[in-house]
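The structure appears right after this line, and notes come after that.
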Amino acid sequence: MGVLDGKVTFVTGGASGLGEAIARAFAAEGASVVVADIDVAGGETLAAQIGAQFVPLDVTQEGSWAEAVAPFERIDVLVNNAGITTLGSVEEITLDQFRHELDIDVLGVFMGIQATLPRMKTHGGSIINMSSLSGVKASANLVAYNAAKAAVTLMTKSCALHFADKGYGIRCNSIHPGAIHTPIIDKVLAQSDDPDALYRSFVDVHPVKRLGKPEEIAAIAVYLASDASAFATGAEFRVDGGASI
């Protein structure tokens, strides 16, 4: 038996990177996994591999959220993982880039919580929001990402308080990874004039002198999705190789 047996879990951005690792870990622990992603081909492939269900989802569109959750009367775990990272300082980044970052990383989380709440609050559950080390520690060249992930951090706490006040039995926590070697890192490196130097800077931020692995974040997500974390809510789970010390 797995620690997530019988739980319906909904993972956004589930087709690749951290989302894929989390979906795989949830399935291995007996969960019924819903992989939600804008990448239809990648999501369908993964779902077939792990015995999950795929639903197309654009997290920036309220209508897309409504369609994605409609087939499910019950959702026990929501993982708001879909996100992007835009490289640039306050002088370099454009307004459109800043808005796009917030649309996905902040409004996508907000709409996800609103869309799934009616399917969770009658029986309780767990909402896991993917924040970042960048949600608690600033970088000069990540102004949009810092703003977005800091918003997710406090949104998580506000929701946790609301759910507790209402007696819904829903826990809401945030995960704060350091730099994890996923395709999103490659996309960030591709935005740099000196990707090798940028990669070394990512490594050097961490006292353990390496990047994290997706499976190391998935392990925390399994804990937060499971009943073992029943007393944890509104908390920041920092999995960053010591970078926030």
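The shown structure was predicted, so the numbers you read here are calculated from the model rather than taken from an experiment. Both backbone and side-chain heavy atoms feed into the values below; hydrogens, waters and symmetry mates do not.
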Might you work through the side-chain contact (heavy atoms from CB on, under 4.5 Å) test for Phe10 and Val77, ending with a clear yes or no?
-> CA-CA 6 Å; Phe10 194 100; Val77 179; over 6 Å; no
Phe54 and Val34: side-chain contact (heavy atoms from CB on, under 4.5 Å), yes or no, with the steps?
-> CA-CA 6 Å; Phe54 172 75; Val34 181; over 6 Å; no
Cluster question for you: counting only ILVMFWY and a side-chain heavy-atom cut-off of under 4.5 Å, with indirect links fine, are [X] and [Y] together?
{"X": "Met155", "Y": "Met130", "value": "no"}
{"X": "Ile185", "Y": "Leu18", "value": "no"}
{"X": "Val11", "Y": "Val152", "value": "no"}
{"X": "Val69", "Y": "Val59", "value": "yes"}
{"X": "Val188", "Y": "Leu102", "value": "no"}

Supply the atom-to-atom distance [X] [atom1] to [Y] [atom2], rounded to the nearest 0.5 angstrom.
{"X": "Arg74", "Y": "Thr116", "atom1": "CZ", "atom2": "OG1", "answer": "13.5 Å"}
{"X": "Arg171", "Y": "Phe163", "atom1": "CZ", "atom2": "CZ", "answer": "12.0 Å"}
{"X": "Asp165", "Y": "His162", "atom1": "CG", "atom2": "NE2", "answer": "8.0 Å"}
{"X": "Met120", "Y": "Phe72", "atom1": "CE", "atom2": "CZ", "answer": "12.5 Å"}
{"X": "Asn141", "Y": "Gln191", "atom1": "CG", "atom2": "CD", "answer": "10.0 Å"}
{"X": "Glu92", "Y": "Thr86", "atom1": "CD", "atom2": "OG1", "answer": "12.5 Å"}

So does [Y] get a backbone contact from the side chain of [X], meaning a donor-acceptor N/O pair under 3.5 Å?
{"X": "Asn129", "Y": "Asn173", "result": "no"}
{"X": "Asp37", "Y": "Ala15", "result": "yes"}
{"X": "Asp5", "Y": "Gly2", "result": "yes"}
{"X": "His206", "Y": "Gly178", "result": "no"}
{"X": "Asn81", "Y": "Thr12", "result": "yes"}
{"X": "Thr233", "Y": "Cys172", "result": "yes"}
{"X": "Ser158", "Y": "Leu154", "result": "no"}
{"X": "Ser139", "Y": "Leu142", "result": "no"}
{"X": "Asp103", "Y": "Gly108", "result": "no"}
{"X": "Glu101", "Y": "Ala144", "result": "no"}

Counting only heavy atoms from other residues, nucleotides and ligands, does the tally under 6.0 Å from [atom1] of [X] exceed 12?
{"X": "Arg210", "atom1": "CZ", "result": "yes"}
{"X": "Lys209", "atom1": "NZ", "result": "yes"}
{"X": "Phe110", "atom1": "CZ", "result": "no"}
{"X": "Glu62", "atom1": "CD", "result": "no"}

Check: His123 ring centre within less than 6.0 Å of Tyr168 ring centre | no
Would you say that [X] contacts [Y] through its side chain, given a criterion of any heavy-atom pair below 4.5 Å between the two side chains?
{"X": "Ile180", "Y": "Lys213", "answer": "no"}
{"X": "Thr9", "Y": "Asp76", "answer": "no"}
{"X": "Ile128", "Y": "Leu78", "answer": "no"}
{"X": "Phe26", "Y": "Val222", "answer": "yes"}
{"X": "Asn80", "Y": "Ile113", "answer": "yes"}
{"X": "Lys157", "Y": "Glu236", "answer": "yes"}
{"X": "Val33", "Y": "Val35", "answer": "yes"}
{"X": "Thr94", "Y": "Gln97", "answer": "yes"}

Side chain to side chain contact (heavy atoms under 4.5 Å, CB included) filter on Ser132, not counting sequence neighbours, yields Ser134, Tyr145, Lys149
Please determine which of Val79, Ile217, Thr156 meets the side-chain contact (heavy atoms from CB on, under 4.5 Å) test together with Ile175.
-> Ile217
side-chain hydrogen bond (donor to acceptor under 3.5 Å, both in side chains) with [X]: which residues, sequence neighbours excluded?
{"X": "Asp58", "value": "Thr60"}
{"X": "Ser64", "value": "none"}
{"X": "Thr182", "value": "none"}

Stepwise side-chain contact (heavy atoms from CB on, under 4.5 Å) check, Leu46 with Arg24 | CA-CA 9 Å; Leu46 176 64; Arg24 289 185 182 278; 3.5 Å; yes
Closest heavy-atom contact between [X] and [Y]?
{"X": "Phe202", "Y": "Ala179", "result": "CB-CB, 4.2 Å"}
{"X": "Ser131", "Y": "Gly135", "result": "OG-CA, 3.9 Å"}
{"X": "Ala218", "Y": "Ala21", "result": "CB-O, 3.6 Å"}
{"X": "Ala115", "Y": "Arg119", "result": "O-NH1, 3.4 Å"}
{"X": "Val90", "Y": "Val143", "result": "N-CG1, 3.7 Å"}
{"X": "Ala36", "Y": "Leu57", "result": "CB-CD2, 3.8 Å"}

Relative to the ring of Tyr199, is the ring of His181 parallel (under 30°), tilted (30 to 60°) or perpendicular (over 60°)?
-> tilted
Can you name the salt bridge (charged side-chain N to carboxylate O under 4.0 Å, His left out) partners of Lys7, sequence neighbours left out?
-> Asp227
Sequence neighbours excluded, which residues qualify as salt bridge (charged side-chain N to carboxylate O under 4.0 Å, His left out) partners of Glu215?
-> none
Steps toward side-chain contact (heavy atoms from CB on, under 4.5 Å) verdict (Val136, Arg238) = CA-CA 10 Å; Val136 295; Arg238 302 186 185 186; 3.7 Å; yes
